[in-house]
Every structure is written in C-alpha cells, then in structure tokens.
Amino acid sequence: MEHQDREYNVFGIQISENAAGSLRIMAMWAGIIALVTVIRYALTLLLLFTRGGEEGFSNANFFGLILGILIGLLVVIFLYQFSKHTRKGLDGNSQADLNKGIGNLKNYFMVIGILAIIAAVIFALFILFYAMK
Amino acid sequence: MEQEKNTSLFGLGIEQETSIILRNTSSWARMLAIAGFIMGAISVFAGIALKISLSNARSYEGYEAEREFQNMMSLSGNVVLLLYLVIGLVIIVSSVFALGFARKAIAALNRNDQSALNASFSSLRNYFSLWAIVMILVLLLMVLSFLSLILSL
C-alpha cells in the first residue's frame, strides 16, 4: 500500500519550468567542463611530447599520466552524455532522453565518488606515514 | 512560441524509472560530498603543515644566508598555504552543493515535494557552475604557462 502510494506520489512531481531551467544551465556547464577538460588533456599531452624528454620524464610518470587521462576521459564521456541527453530530453520533451541524461549523471557521480574515496584514503595514509616518521 | 515551450515541459516528470536513477544519483552525490569534506579538510591541514615545516627550515650557512633563506621559505610557505586553502575551500564548497542536491532530491522523492526537487536541481546547477569556472581558470593558467614556455624557447 505504502509502495503504491509512493509510486503515485512520484508521478506527481513534474519537471517544472524552474527545474528545467536549472537542468538546462547545468547541462550547459557540464558540456563546458567536458570541453575544457579535453583541451586541458590535449595541452598536457602536447607539453609532454614537446618537453617531456628534456625534463627526464620517467616511464612510471608517463604511464601514471596516461592512466589519469584515460580515467579523466571516462568522466568526461559521462559528463558529455549527461549534457547531450538532458538538453535533447528538454528540447524534444523526451522522457527517455531525460532518463538517459540523469543516468549518465549517476555514472559521473559514481566514478568521481569512487576516485574521491580512493584519493582521500591515499592522502590519509600518506599523512599517517609522515606523522609516524 | 514561449508558451508552447512551457506547455511541452509539463510532459516531463519524475516517473518510476527516473525516480530510481535520481535516488542512485543522490546516494553517489552524498558519497562524493562526504569524501569531498574529508579531502577538503586534509587539504587545509596539509597546507598548514607545509607552511609550518617550510617556516622552520634552516640553512646552516651563516647568519646572512640563514636570514635570506628563512625569508624565502616563509614566503614559499605562505604561497603554499594559500594554494592549499583555495583548493580545500573549492572542494568543501562543491561538496556542500553536492550534499544539498542529495538531501533535497531524496526529500523531494520521499515527500513528493516539487519545491525540494527544484531546490535540488538548483544546488546541482551551482555545483557544475563552480567546477566549470574552476576548470576554465585552470585552463587559462595552463595556456599562460604553455605560452611562456613557447616564448622562452
């Protein structure tokens, strides 16, 4: 009964003009973040291939950087997909596209969340290691 | 024309599938916010620790060299502290927005609250705006350093 009520309630919420405005703006910013990140990675690679050899860039650093860029690109893909599908959903009044957009937002938060947890643990261990030293 | 656009918006809603995805998104956003708070706090503490360690550095090469070295280290310590504080602040503020989105979206879905849904999207909009501005600033700094590298060749 409660479940049924909740289902009914959920259908009562609409994407109002206000919510759609926010969604449109966040889709725009997400697109900009994706674009800026790709340009940043391209610049990093350009710097790496033009000056990397001169400054004694080790193989471990190189593979670390490439791995970082690949993970970053995965995040960028989710952000771009969120931006694209959300705008498409709002412009074409398509519920399926809107769901796809929000689904990609979930993937973005999932990847970023896992990365943030890993980074926080590494930072904490690093500090603990130096504090004990 | 504008009216047509407004009317078409009412066709979109939070249906069952959307609500499930939105709930999952909120859970991950909450997780990200908690990790963000921890990282922000670590960043602030790391900045303070680095500042203290740089301020206490000694050169042991005579009185004059020692004074000059200490001044340089003190300045470096201030720059590092400022950098880490800014990084920590950006992470903490973005985590506040992410947590705001997560809390309000769950409240909207549980209570069928339209205004909470609007507020949750508004928090998420602020989250993306903040990161977009930070990313643009970082890109500008990168372009400037790239240009200075090219000019120095």
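Chain identifiers are assigned alphabetically (A, B, ...) following the order of the sequence lines, protein sequences preceding nucleic acid strands; residue numbering begins at 1 within each chain.
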Do B:Ile87 and B:Val79 belong together in a cluster built from hydrophobic side chains that touch within less than 4.5 Å?
-> no
Determine, using the 4.5 Å side-chain heavy-atom cutoff (strictly less than), whether A:Val75 and B:Phe97 are members of one ILVMFWY cluster.
-> yes
Select one option (side chain, backbone, both, neither) describing which atoms of B:Ile136 are under 4.5 Å from chain A's heavy atoms.
-> both
Chain B: which of A:Ile33, A:Leu35, A:Asn99, A:Ile25 shares the most heavy-atom pairs with it under 4.5 Å?
-> A:Asn99
Contact class of B:Asn126 relative to chain A, heavy atoms under 4.5 angstrom = neither
Do B:Leu124 and A:Phe109 touch side chain to side chain, with heavy atoms closer than 4.5 Å?
-> yes
Flag the pair A:Leu79 / B:Phe128 as yes when at least one side-chain heavy-atom distance between them is below 4.5 Å, and no otherwise.
-> yes
Which atoms of B:Leu139 come close to chain A, meaning under 4.5 Å heavy atom to heavy atom: side chain ones, backbone ones, both, or neither?
-> both
Against chain B, label A:Thr44 side chain, backbone, both or neither, depending on which of its atoms sit under 4.5 Å from a heavy atom there.
-> both
Between chain A and each of B:Ser122, B:Ser129, B:Ser145, count heavy-atom pairs under 4.5 Å; write down the option with the most.
-> B:Ser129
Non-hydrogen side-chain atoms of B:Phe121 and A:Ile15 separated by less than 4.5 Å = yes
What part of B:Phe101 is in contact with chain A, defined as an atom under 4.5 angstrom from a non-hydrogen atom: side chain, backbone, both or neither?
-> side chain
Given the options A:Asn107, A:Leu23, A:Thr37, which has more heavy-atom pairs under 4.5 Å with chain B than any of the others?
-> A:Leu23
Could you tell me whether the side chain of B:Met142 reaches within less than 4.5 Å of the side chain of A:Ile39, counting heavy atoms only?
-> no
If one checks every heavy atom of A:Phe126 against chain B at 4.5 Å, the contacting part turns out to be neither
Quick one: does B:Leu130's side chain get under 4.5 Å of A:Trp29's, heavy atoms only?
-> no
Please look at B:Tyr127 and chain A and tell me whether the side chain, the backbone, both or neither of the residue comes under 4.5 angstrom of a heavy atom of that chain.
-> side chain
Output the option from A:Ile32, A:Leu115, A:Ile112 having the highest count of non-hydrogen pairs under 4.5 Å with chain B.
-> A:Ile112
